**Q** 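There's a structure below that I have some questions on.
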Amino acid sequence: MISELIKIGIIASGSGSNAEAIMEACEEGGVKGKGKVVVLISNKKDAYCLKRAENHNIPAILIQSKDFKGTREDYDKLVVEALKKYDVQLVCLAGYMRLVSPYFLETFKDSVLNIHPALLPSFPGMHGYKDAIDYGVKISGCTVHFVDEKMDHGPIIVQKTLEVKFEDTEETLKERGLILEHEAFPEAVQLFCEDRLEIIGRKVKIKRKDK
Ligand code: GAR
């Protein structure tokens, strides 16, 4: 039996290099034949992630958050509506610099993943690489996790580590960190699409691959 492709929606605010890594993994990497990116949504006008989606022939939708008059939930209703139009089953927050509302999480229960540029629970927030350097840690990395109501908090799926050198700046650490992020996020997406993730309390069990 050929199982159905999981329909993936990506939400991003910036350059979209993680979004593109997921698109490529669906086209020719480990997610091929298991998942398919069906839409990318950005809250930022002129964000390069929109262009990247277009380059991959994926619908790119702008739902601008700047000057939006309603509540966070009102905004999320527009996003959810767009994701539903494309029958999205898995939502990937790929450099999305906003918190999603409880309404959003209820709609996509246990189906929203986020990438964070630090080894959570260290350095949550907007500046993971900079905060790691400023603190003086020797090891940092990235984390892909299920999203829950708290910021950068949900059960962890994949983490990858990175040595922090004395000379590192935010830019140099980010440059090396992004290489790891581009491996970590597709790995987590692949596990989700293979139905191999089980959330047990705060922990994620990675189930064995079906033979
Ligand atoms: C990535 O480093 C991602 O981990 C980070 O934003 C960058 C987006 O890059 N996300 C966060 O800081 C979320 N708290 P990209 O647009 O090139 O994928």
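All values reported here derive from a predicted model rather than from experimental measurement. As the structure lists them, so they are numbered: ligands from 1, and atoms in each ligand from 1. In this chain, numbering begins with 1 at the start of the sequence shown.
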**Q** Considering only the protein, which heavy-atom contact is closest to atom 8 (C) of ligand 1, and what is its distance?
**A** Gly95 CA, 3.7 Å
**Q** Among all protein non-hydrogen atoms, which one is nearest to atom 17 (O) of ligand 1, and what is the separation to 0.1 Å?
**A** Ser17 OG, 2.5 Å
**Q** Decide if atom OH of Tyr135 counts as having more than 12 heavy atoms of other residues, nucleotides or ligands within a radius under 6.0 Å.
**A** no
**Q** Under 30°, 30 to 60°, or over 60°: which ring-plane class applies to Phe192 and Phe146, parallel, tilted or perpendicular?
**A** tilted
**Q** Heavy-atom pairs closer than 4.0 Å: do any link ligand 1 to the side chain of Leu178, the backbone, both, or neither?
**A** side chain
**Q** Just wondering, are more than 12 heavy atoms of other shown residues or ligands nearer than 6.0 Å to NZ in Lys36?
**A** no
**Q** Report, in ascending order of atom number, the atoms of ligand 1 lying under 4.0 Å from any heavy atom of Ile115.
**A** 4 (O), 10 (N), 13 (C)
**Q** Near Ser15, which atoms of ligand 1 are under 4.0 Å from a heavy atom of that residue?
**A** 16 (O), 17 (O)
**Q** Output the list of atoms in ligand 1 that are nearer than 4.0 Å to some heavy atom of Gly125, sorted by atom number.
**A** 14 (N)
**Q** In terms of side-chain heavy atoms, does Ser101 have a donor or acceptor partner in Glu73 at a distance below 3.5 Å?
**A** no
**Q** Which residue and non-hydrogen atom of the protein lie closest to atom 4 (O) of ligand 1, and at what distance in Å?
**A** Glu181 OE1, 2.8 Å
**Q** Who's the nearest protein heavy-atom neighbour of atom 9 (O) of ligand 1, and how far?
**A** Asn18 ND2, 4.1 Å
**Q** More than 12 non-hydrogen atoms from neighbouring residues, nucleotides or ligands closer than 6.0 Å to CD on Gln64, yes or no?
**A** yes
**Q** When you compare the side chains of Ser17 and Arg52, does any donor N or O come within less than 3.5 Å of an acceptor on the partner?
**A** no
**Q** Quick test: of every protein heavy atom, which one is nearest to atom 16 (O) of ligand 1, and how far off is it to 0.1 Å?
**A** Gly16 N, 2.7 Å
**Q** Which residue owns the protein heavy atom closest to atom 6 (O) of ligand 1, what's the atom, and how far is it?
**A** Met97 CE, 3.4 Å
**Q** Applying the side chain to side chain contact (heavy atoms under 4.5 Å, CB included) criterion to Ile6, which one of Gln89, Gln190, Glu194 satisfies it?
**A** Gln89
